[in-house]
Amino acid sequence: MAAAVHAADPRVILAIDAAIARANASARPWSANTIRKACPEPGSQGLIGARVRAAASRRPVEQMPVGYEPSDLPSTHAHPIRVWLGVEAYRAAYPNRPIPE
């Protein structure tokens, strides 16, 4: 993942991160499939997944996992990928579930 980020155009990274922020603010579940549709060609294999993982590990928490769906990349053969929900929508949907600090 680090190699994908280091090889990428910083403008593409910013565009991907902005798409992730919009997805988190949308109050709708989303995945890397959603981000791929909203972003320019990443130019580096694995870049979108790396940026989604980076966003998931930031603190304060920005998003929470809510399930899986099949990847729409032909090269992944529909491998399951994580579905996320922005933390505010997650709090509203699951008020009794804890959110890590």
Side-chain angles (χ1 to χ4, degrees):
M1 285 190 221
V5 173
H6 292 300
D9 181 333
R11 295 169 295 186
V12 174
I13 291 173
L14 289 172
I16 292 169
D17 288 353
I20 291 169
R22 285 190 304 274
N24 281 331
S26 75
R28 292 187 309 267
W30 63 272
S31 70
N33 293 335
T34 311
I35 305 306
R36 273 194 293 278
K37 292 172 186 163
C39 285
E41 180 62 37
S44 179
Q45 185 175 357
L47 180 60
I48 290 176
R51 298 313 300 162
V52 168
R53 188 148 175 70
S57 64
R58 283 195 280 268
R59 297 294 181 258
V61 174
E62 298 175 10
Q63 64 207 40
M64 292 292 293
V66 293
Y68 291 90
E69 71 180 20
S71 172
D72 61 10
L73 281 177
S75 62
T76 63
H77 306 287
H79 182 76
I81 60 172
R82 198 62 91 175
V83 175
W84 302 94
L85 190 58
V87 73
E88 295 307 318
Y90 185 89
R91 279 189 178 114
Y94 306 102
N96 297 324
R97 291 190 188 172
I99 295 176
E101 295 298 321

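Reckoned from all heavy atoms, side chains included, excluding hydrogens, waters and symmetry mates.
Rounding to the nearest 0.5 Å places OG of Ser26 at 7.5 Å from CG of Leu85.
Ser57 and Ala54 get closest at one heavy-atom pair: OG-O, 3.0 Å.
Residues passing the side chain to side chain donor-acceptor pair (under 3.5 Å) test with Thr34: none are found, sequence neighbours excluded. For Asp17, the salt bridge (Lys or Arg N to Asp or Glu O under 4.0 Å) partners two or more places apart in sequence, or in a different chain, are Arg51. Partners of Arg58 under the salt bridge (Lys or Arg N to Asp or Glu O under 4.0 Å) rule, at least two apart in sequence or in another chain, are Glu62. Partners of Trp84 by side chain to side chain donor-acceptor pair (under 3.5 Å), not counting sequence neighbours: none found. For Tyr94, the ring pair (Phe, Tyr, Trp, His ring centres under 6.0 Å) partners at least two apart in sequence or on another chain are Tyr90. Scanning for side-chain contact (heavy atoms from CB on, under 4.5 Å) contacts around Thr76 gives Ser71, Leu73, His79, with sequence neighbours left out. Not counting sequence neighbours, the partners of Ala19 by the side-chain contact (heavy atoms from CB on, under 4.5 Å) test are Arg22, Ile35, Ala38, Cys39.
Looking at heavy atoms from C-beta onward, Glu69 lies out of side-chain contact with Pro29 at the 4.5 angstrom threshold. A 4.5 Å side-chain heavy-atom check between Asn24 and Val87 finds every atom pair outside the cut-off.
Transitive grouping of hydrophobic side chains (ILVMFWY, heavy atoms separated by less than 4.5 Å) brings Ile20 and Leu47 into a common cluster. There is a path of hydrophobic side-chain contacts, each under 4.5 Å, that joins Val12 to Val52.
Listed by first and then second residue, the salt bridge (charged side-chain N to carboxylate O under 4.0 Å, His left out) pairs that reach into residues 72-81 are Arg36-Asp72, Lys37-Asp72, sequence neighbours excluded. Among pairs with a residue in residues 82-99, those fulfilling salt bridge (charged side-chain N to carboxylate O under 4.0 Å, His left out) read Glu88-Arg91, at least two apart in sequence or across chains.
The hydrophobic side chain of Tyr68 is isolated, with no ILVMFWY side chain under 4.5 Å apart from it.
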